[in-house]
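Reckoned from all heavy atoms, side chains included, excluding hydrogens, waters and symmetry mates.
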Amino acid sequence: MIEEGKEKVWKDYQKEIAEDNYFYARSCIRQNFFPGSEVAFLRILKELGKNLFDDPRHTTCTGIAYHSDIVPFDTTMTVVARHFALMTEAGLKNFVPSCITSFGIYTEVLELWRHHPEIEQKIKENLLKATGRTFEKPENLAHSSDIIYKFRNEIANKSKYRLVNKETGKPLRVVEHIGCHYSKMFPEKGVGGAEYPLVLTGMVQAWGGEVIDYPERRQCCGFGFRQYIVQANRGYSVACSKKKFESMAPYKPDLILTNCPGCPYFLDRWQYVVSEMEGVTYGENNGGIPVFTYEELAGMVLGYNPWDLGLQLHQVPVEPVLDKIGVQYKKEDKYKGVNGKDLGRPESPSCLKI
Amino acid sequence: MGKITDLLFKDIHVEDGLSACINCGTCTAICPAAGFYHYSPREIVDTVQSKNELKIIDLLKSEQIWYCGECMSCKTRCPRNNTPGMIIIALRSLSQELGYFTESEKGRQQLAVKRIIGEAILNKGYCVHIDQIETGLHPEQGPVWDWFKENVEQVHERLGTAYKKNTAGVMRNIAQEDLDELDKIFEVTGAHDRFRKIEEFSKQKARDLRIEFDKGIDEYFLHVYQSNCGKHY
């Protein structure tokens, strides 16, 4: 699609993103697998002078249970209503989930209630009966990647590094992968819509990189909820990711950027699995294609220590990207704890170069 | 309309997700599951739309309704704005309510999903929790995960999280009073009832299959978690 056409599509899919005062809803998957990312998100917002409330009473939204069908929709809607009640009790109106599955659910619930006020009333009664709580709906719902997108230029202005190869002076080539539930269900709720989402592209361009278009750009990573959770189904999951790797590899990406908590996990780990099963790797010199969350990438351009960001928890090493950009870091600190405590190091994969 | 079809069409996911499907097949063309399994969301929607009671009962007992990954790619492209993925949610719900899910290999897996995800929610307040992830069941997580698990407290301390702390922050302990609220919501809204049905119907099936059934990672759990007849593709 020619650039003018994309810009027209993007103009049709601009959403309002609140300026400040956020109620933060944490992600189960991001906390477990990319714990440094949520730490970085709060640090970035603090440095931008934004107010964010991190409520310890917040729980899972039950999203994975809902989409693997073990809980009724009424249960999920009532847990969502409890989170809205916590936001209301905090005196806030801007709801910011970290999880894309959660973002999809909050969007779905609000849309459903808009069309079916009788269901909203029933959920209010459920919540009151179960917890004694009442709630107001958020005035603004934005995913945490929307917030980073909104402040991408402020981050660029503060940045220590650009997404540019220091040797060649050329922009890094980036695959952006959008979580399915960000905008496939409700395109008008995502920045740029479902076909040409701008939320990650905007970050990459603001920070000096170049986005790659490739045939399977909108293919799911393959989480599929029950398709990953149950061991007998995991062929589905790895096959979906493999389809993407084979489609993007000829374009020689330097990195993959994601906004869903699950996608970076699968796009990272399935590269390891394909290398173990078939001896195939998709990056340079028998390495993989490094995968980043948007918080990690923002933290990296801002000059945060890569090991403060938790980049040591990736199975596909990120050092090729750090080296291309010229990030200053200590290799020997990668697997150390507080005060330089030696924590050993992971075993090496049999094929994937680390 | 038959009794079971009537139940299916009372589900809001069918009411909102199905409006005169024109059978164009766009959903099947875009569907990741259709690229992997013998699966066609178009055919599923067509069967539901037919309101044929016997065919719908067959569907509720089938392998097919469990192939969908609920990515909802079908929603974006449907020219009628239908959502086959949402209709799947309704079919799976009814299949579990009626006990039909134990008639298929893929359906029987719901017992494992309930015991992994459902119990993590009620015990920890998270859909998944690192302390409850059995590394042996997840070889794909790689050696870096083994290293993380072995050093979990030190790594979290290094990253400045709230792991195992009773404060706000990443991987904090969820307080008992908040878990109690989740539990009460589950009781009021029917999740506990569904969990009981998944366990009870699975227990009956385990008896038919002569597989030991207890709780946690028992023989029946491992059977449904790992069995793959290889005829799904």
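The greatest number of non-hydrogen atom pairs below 4.5 Å with chain B, out of A:Leu309, A:Thr59, A:Asp69, is found for A:Asp69. Each of B:Leu137, B:Asp183, B:Asp193 has some count of heavy-atom pairs under 4.5 Å with chain A, and the biggest count is that of B:Leu137. Per-residue counts of heavy-atom pairs under 4.5 Å with chain B were compared for A:Glu347, A:Arg57, A:Glu38; the largest is that of A:Arg57. Ranking B:Lys197, B:Lys106, B:Lys114, B:His156 against chain A, the residue ahead of the rest is B:Lys106, based on heavy-atom pairs under 4.5 Å. When each of B:Cys71, B:Gly190, B:Gly142 is scored by its heavy-atom pairs under 4.5 Å with chain A, the top score falls to B:Cys71. Interface remark: of the candidates B:Leu159, B:Val170, B:Ile30, B:Val170 forms the most heavy-atom pairs closer than 4.5 Å to chain A. Ranked by heavy-atom pairs under 4.5 Å with chain A, the first of B:Ile185, B:Asn151, B:Ile130 is B:Ile185. In terms of heavy-atom pairs under 4.5 angstrom with chain A, the leader among B:Gly160, B:Gly125, B:Ala112 is B:Gly125. Counting heavy-atom pairs closer than 4.5 Å to chain B, the top residue among A:Arg345, A:Gln315, A:Lys336, A:His58 is A:Gln315. Your options are A:Glu108, A:Lys243, A:Lys122, A:Met77, and the one with the most heavy-atom pairs under 4.5 Å with chain B is A:Glu108. Contact count against chain B (heavy-atom pairs under 4.5 Å) is highest for A:Glu195 among A:Glu276, A:Glu195, A:Arg218, A:His115.
Remark: A:Ser275 pairs with no residue by the side chain to side chain donor-acceptor pair (under 3.5 Å) rule, at least two apart or across chains. Checked against side chain to side chain donor-acceptor pair (under 3.5 Å), A:Thr131 has no partners two or more places apart in sequence or in another chain.
Of the atoms belonging to A:Gln219, it is side-chain heavy atoms, and not backbone ones, that fall under 4.5 Å from chain B. Neither the backbone nor the side chain of B:Tyr163 comes within less than 4.5 Å of any heavy atom in chain A. For A:Tyr236, the parts lying under 4.5 angstrom from a heavy atom of chain B are both the backbone and the side chain. Contacts between B:Leu179 and chain A at a heavy-atom distance below 4.5 Å are absent for every atom of the residue. Proximity to chain B (any heavy atom under 4.5 Å) is shown, for A:Arg30, by neither the backbone nor the side chain. For A:Gln312, the parts lying under 4.5 angstrom from a heavy atom of chain B are both the backbone and the side chain. Interface residue A:Ile119: only side-chain heavy atoms are found under 4.5 Å from chain B. Both the backbone and the side chain of A:Val39 have a heavy atom closer than 4.5 Å to some heavy atom of chain B. Contacts of B:Ala120 with chain A are absent, with no heavy-atom separation under 4.5 Å from either backbone or side chain. With a 4.5 Å cut-off on non-hydrogen atoms, B:Ile89 touches chain A through its backbone and its side chain both. Contacts between A:Trp307 and chain B at a heavy-atom distance below 4.5 Å involve backbone atoms as well as side-chain atoms. Using a 4.5 Å cut-off between heavy atoms, A:Asp268 makes no contact with chain B at all. Only the backbone of B:Val224 comes within contact range of chain A, with at least one heavy atom under 4.5 Å from a heavy atom of that chain. A:Ala239 touches chain B through its side chain: at least one heavy atom from C-beta onward sits under 4.5 Å away, while N, CA, C and O do not. Both the backbone and the side chain of A:Tyr66 come within contact range of chain B, with heavy atoms under 4.5 Å apart. Interface residue A:Arg26: only side-chain heavy atoms are found under 4.5 Å from chain B.
Annotation: residues 92-105 of chain B contacts chain A through B:Arg92, B:Gln96 [non-hydrogen atoms, separation under 4.5 Å]. Among residues 8-18 of chain B, the residues having any heavy atom closer than 4.5 Å to a heavy atom of chain A are, in sequence order, B:Ile12, B:His13, B:Glu15, B:Asp16.
Minimum interatomic distance between A:Pro72 and B:Ala191 (heavy atoms only, all atoms of both residues): CD-CA, 3.6 Å. Closest approach of A:Gly235 to B:Phe36, counting heavy atoms only: C-CZ, 3.3 Å. Considering all non-hydrogen atoms of both residues, A:Ala130 and B:Val188 come closest at CB-CG2, 4.0 Å. The minimum heavy-atom distance linking A:Leu343 with B:Trp147 is given by the pair O-NE1, 2.9 Å. Taking each heavy atom of A:His181 and B:Met72 in turn, the nearest pair found is NE2-CG, 3.8 Å. Looking at every heavy atom in both residues, A:Thr60 comes nearest to B:Cys127 through OG1-SG, 3.2 Å.
Between the B:Arg158 side chain and the A:Lys341 main chain, no donor and acceptor come within less than 3.5 Å of each other. In this structure, A:Gln231 contributes its side chain and B:Gln226 its backbone to no donor-acceptor pair below 3.5 Å. In terms of modelled atom types and a separation under 3.5 Å, the side chain of A:Gln227 and the main chain of B:Trp66 share a donor-acceptor contact. Remark: side-chain polar atoms of B:Gln110 are paired, donor with acceptor, to backbone N or O of A:Ser68 under 3.5 angstrom. Looking at A:His314, its side chain never comes within 3.5 Å of a backbone N or O of B:Val144 through a donor-acceptor pair.
Between A:Asn32 atom CG and B:Phe148 atom CZ the span is 7.5 Å, to the nearest 0.5 Å. The distance from atom CZ of A:Phe186 to atom NZ of B:Lys75, rounded to the nearest 0.5 Å, is 5.0 Å. With rounding to the nearest 0.5 Å, the separation of CZ in A:Phe225 from SG in B:Cys68 is 9.5 Å. Note that OG1 of B:Thr167 is 8.5 Å distant from CG of A:Asp54, once rounded to the nearest 0.5 Å. Interatomic distance, CZ of A:Arg226 versus CD1 of B:Ile116, reported as 11.0 Å (0.5 Å rounding). Between the OH atom in B:Tyr225 and the CG atom in A:Asn233 there is a gap of 10.0 Å [rounded to 0.5 Å].
A salt bridge links B:Glu181 and A:Arg133; the closest N-O separation between the charged side-chain nitrogens and carboxylate oxygens is under 4.0 Å. With respect to A:Asp74 and B:Arg194, no salt bridge is recorded, no charged nitrogen being found less than 4.0 Å from a carboxylate O. The pair B:Glu187-A:Lys129 does not count as a salt bridge, with every side-chain nitrogen at least 4.0 angstrom from each carboxylate oxygen.
B:His138 and A:Tyr228 have tilted rings, their planes meeting at an angle from 30° to 60° on a 0 to 90° scale.
With hydrogens and angles left out, the side-chain atoms of A:Lys184 and B:Thr76 include no donor and acceptor closer than 3.5 Å.
Within 6.0 Å of the NZ atom in A:Lys334, the count of heavy atoms belonging to other residues, nucleotides or ligands exceeds 12.
With a 4.5 Å cut-off on side-chain heavy atoms, B:Glu140 and A:Phe266 do not count as touching.
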